[in-house]
Amino acid sequence: MLVFNYHSWQLLNPHTFRNLLKACISERNLLAGKALHALFFKSHNNNNDNITTYLSNHFTILYSKCGTLRNARTAFDLTEHPNVFSYNAIINAYAKHSLLHIARQLFDQIPQPDLVSYNTLISAYAERGDCEQALGLLRVVREKCLAIDGFTLSGVIDACCGRGVGLIRQLHCFVVMGGFDSYASVNNAILTSYSKEGFLGEAKRVFHEMGVGGRDEVSWNSMIVACGQHREGSDALALFCEMVMMGLEVDMFTMASVLTAFTSLKDLAGGMQFHAKMIKSGFHRNTHVGSGLIDLYSKCAGGMLECRKVFEEITAPDLVLWNTMISGYSQNEDLSEDALCCFRKMQRVGFRPDDCSFVCVVSACSNLPPSVGNQVHALTIKSDILYNRVSVNNALVAMYSKCGNLQDARKIFDTMPGHNTVSLNSMIAGYAQHGLEAESLWLFELMLQKDIAPNNITFISVLSACAHTGKVEEGQKYFNMMKEKFGFEPEAEHYSCMIDLLGRAGKLKEAERIIETMPFNPGSIEWAALLGACKKHGNVDLAVKAASEFVRIEPYSAVPYVVLSNMYASAGRWEEAATLKKLMRERGVKKTPGCSWIEIDKKVHVFVAEDTSHPMINKIHEYMGEMLKKLKQAGYVPDIRWALMKDEEAVTAEEKERKLLYHSEKLAVAFGLICTEEGVPILVVKNLRICGDCHNAIKIISAISGREITVRDTHRFHCFKEGQCSCRDYW
DNA sequence: GTAGGGTTAG
């Protein structure tokens, strides 16, 4: 510990002064450093000897290390002969403050940059995900015959992560050929990159090949995180135990990594126990651990209450911690507005949002009225350093397409500075959700041509595009391609897509067979897909099986009860329908009330079925009455099978027709048509799936009114135009 | 004077 007495410093000789400054740097003691700096001006500044040059350069290093950029810059500007050390320090300081353009300017001024200068800049580009620049610098380093080291390679590998596994494989080769595979840091970077590209097997291989002696703590932590992120939580926990048994040092990074394992297992109880243990050791106040905890509770506890408690315990929240909170809010659909509040609050307390903050807040906008997304988009443009980040653009593409605005999604996709796997995934998914399977598959083929590696998520979108349009053969082809050509082991989601694809196409037997033979225990999603297919094709027997399996897994979901009782009712099996309704009441299962909303002039108007609360409801009813006449003239026949919700026998056909007319999506559409100018497209969002009668009616409404009407339901988009729907009635 | 491990988009 550095102990000082200002008065005695006046007598220091230059060498002692230098040693003191060194100590300040290694201890990051800003206070003592500043005092030394003041003294330096009084006594040494005028000399022009080596030690003065040394000292003045080291003040830049001191301030850079202590994170005070302004002081670092002042010290740097006051240094008459800046050496490469202080250049490197100040470049690093700017890079860490996301001011890469200034870092680059300074780099270009260095008379003779050394390897550390290059490494620093490469890391800065890696931080930004700019793989081209990082590779360019690597080339320069090699041309200059500077001997590459582990810093160079781990930086380059980090920068190239996210550009497909092919590039990582090439770099891995380069690492092995150059003999850099003895560097733990380089192997760690390779390991993490493989994992992030979706290749856990390769990551594990790297880890094993490192051997116990070749690993450091980072290797263990990286492997634990990799397993956690690939939902192999129990492997992650086993690694942690192994680490503890071996007496390796366990730090906050390890704790955070273990938390990702609990999160992946959705093991809230285990995570909470671990939390309790960490409270005893005080780890829970650490930001790394905190973000792990917040992630755990936001994903597993069904709300943000616990997260807020964790957040409040943290002594000095950092940017990642704030981002994790924003992310938590944005993943809880009904808390999207809170995500925005959190984003604003973070800025109020002085944090500058980074790409991750924007990605999270933009994704929250997918669940909010479109105008909010537009505003946040404007914000990303204003904060220009982020504008060019691929990740933010990807999030914007996803947001616009989820908000039903495929045109703007495409515009961003076409103008963004570069594409990676996620960019293509977002756009492909956008087209898939809108039922534009041809565009979706065309983009996928383009992706392959351009050598942008698909990942497991790409195939989810591709398969769902096939499912949404009934392309059974294509779906089968892509499912096989994913295994055989790309070596991806299909995950539960891929199997669900196949169940959906086959089931909807009427191949119920094949769909059921997939459930029986897939290498996972089928979850509610798989059974729901089969149930939906049974409903479409009227197979009550199989529906009973699917529904009961669903209920076993998710006892409080109303979905299986409602679907099955509607099926009974449709088949005229009233008693069974009633029994099911009774059972539902007895078990306390509540149906989610259907509601639809529309944004007009930045105000959201929500409608529930047979709504009478809206101030303009009379006008809406009047409009619907008129519309009904026109609809009937155009050949609309109300499909009263969709009005079977309660007391079926008691209601007359006329009453059923009236009920249908006042479904929430029809009310919202009518309101939209009343409130907007001729020709303006309208967007309605529904919290459940669109009803079949509404689907039919809105098709005709779109023709009568000459409007483009988009309805987003929980499953996909229906874009009605000139009497047709983009789903081509396949839903 | 410089890396690799916690959060994110599909």
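Quick note: numbers below take in every heavy atom, side chains included, and nothing from hydrogens, waters or symmetry partners.
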OP1 or OP2 of B:dA3 sitting under 4.0 Å from any side-chain N/O of A:K96? yes
Rounding to an integer number of Å, can you tell me how far A:F151 CZ sits from B:dG4 C1'? 10 Å
Can you tell which of B:dG4, B:dG5, B:dG10 lies closest to the side chain of A:S185? B:dG4
Do A:D318 and B:dG6 share a donor-acceptor pair, side chain to base, under 3.5 Å? yes
Within the structure, does a side-chain N or O atom of A:Q433 lie under 4.0 Å from either OP1 or OP2 of B:dG10? no
Using a cut-off of 4.0 Å on non-hydrogen atoms, how would the nucleic acid contact of A:V422 be classed: base, sugar-phosphate, or nothing? base
Do the rings of A:W322 and A:F311 sit parallel, tilted or perpendicular, given the 30° and 60° boundaries? perpendicular
Counting only distance, no hydrogens or angles, is the base of B:dG6 paired donor-acceptor with the side chain of A:N286 under 3.5 Å? no
Please tell me which of the listed nucleotides, B:dG6, B:dT7, B:dT2, lies nearest to the side chain of A:T287? B:dG6
Pick base, sugar-phosphate or nothing for A:V397, based on heavy-atom distances below 4.0 Å to the nucleic acid. nothing
Of B:dT2, B:dG10, B:dA3, the nucleotide closest to the side chain of A:S426 is B:dG10
Give A:D251 one of three labels, base, sugar-phosphate or nothing, depending on what nucleic acid heavy atoms sit under 4.0 Å from its own. base
Would you check if the distance from the ring center of A:Y478 to the ring center of A:F444 is below 6.0 Å? yes
Within the structure, does a side-chain N or O atom of A:K402 lie under 4.0 Å from either OP1 or OP2 of B:dG10? yes
Distance, rounded to the nearest Å, where A:F283 contributes CZ and B:dG6 contributes C1': 13 Å
Let's see if you can work this out: which of B:dG10, B:dT2, B:dT7 has an atom nearest to the side-chain heavy atoms of A:V116? B:dT2
A:A184 side chain: which of B:dG4, B:dG6, B:dG10 is closest? B:dG4
Is the ring pair A:F107/A:Y118 parallel, tilted or perpendicular, if the boundaries are 30 and 60 degrees? perpendicular
The nucleotide from B:dG6, B:dT2, B:dG5 with an atom nearest the side chain of A:F253 is B:dG5
Rounding to a whole Å, what distance do you find between A:I90:CD1 and B:dT2:P? 13 Å
With a 4.0 Å cut-off on heavy atoms, is A:N187 in touch with a base, just the backbone sugar-phosphate, or nothing at all? nothing
Does B:dT7 have OP1 or OP2 sitting under 4.0 Å from an N or O in the side chain of A:Q331? no
Which part of the nucleic acid, if any, lies within contact of A:N455, taking any heavy atom under 4.0 Å across all strands shown: a base, the sugar-phosphate backbone alone, or nothing? base
For residues A:L424 and A:K450, determine if any side-chain heavy atom of one lies less than 4.5 Å from a side-chain heavy atom of the other. no
Contact under 4.0 Å: A:K299 side-chain N or O vs B:dT8 OP1/OP2: yes
Expressed in angstrom and rounded to an integer, what is the separation of A:I428 atom CD1 from B:dA9 atom P? 18 Å
Rounded interatomic separation in angstrom, taking NZ from A:K196 and P from B:dT8: 11 Å
Once you apply a heavy-atom cut-off of 4.0 Å, does A:S257 come out as touching a base, just sugar-phosphate, or nothing? nothing
Considering every strand and a 4.0 Å limit on heavy-atom distances, what is the contact class for A:E127: base, sugar-phosphate, or nothing? nothing
Winner on side-chain proximity to A:V320, out of B:dA9, B:dG6, B:dG4, is B:dG6
Does OP1 or OP2 of B:dT8 have a side-chain N or O of A:N323 closer than 4.0 Å? no
Let's go through A:H468 and A:H715 carefully: what are the C-alpha distance in whole Å and the side-chain angles of both, what is the deciding distance for ring-ring contact (aromatic ring centres under 6.0 Å, His included) to 0.1 Å, and is it a yes or a no? CA-CA 10 Å; A:H468 280 314; A:H715 215 69; 5.8 Å; yes
A:I412 has an atom CD1; how far is it from atom P of B:dG10, in whole Å? 14 Å
Donor-acceptor contact present, side-chain A:H230 to main-chain A:S195, <3.5 Å: yes
Would you mind reading off the distance between A:D295 atom CG and B:dA9 atom C1', rounded to a whole angstrom? 14 Å
Record whether the side chain of A:S291 comes under 3.5 Å of the base of B:dG6 through a donor-acceptor pair of N or O atoms. yes
Expressed in angstrom and rounded to an integer, what is the separation of A:F274 atom CZ from B:dG6 atom P? 15 Å
Looking only at N and O atoms, is any donor in the side chain of A:D216 or the base of B:dG4 less than 3.5 Å from an acceptor on the other one? yes
Are A:E249 and A:W220 side-chain neighbours, meaning at least one heavy-atom pair lies under 4.5 Å? no
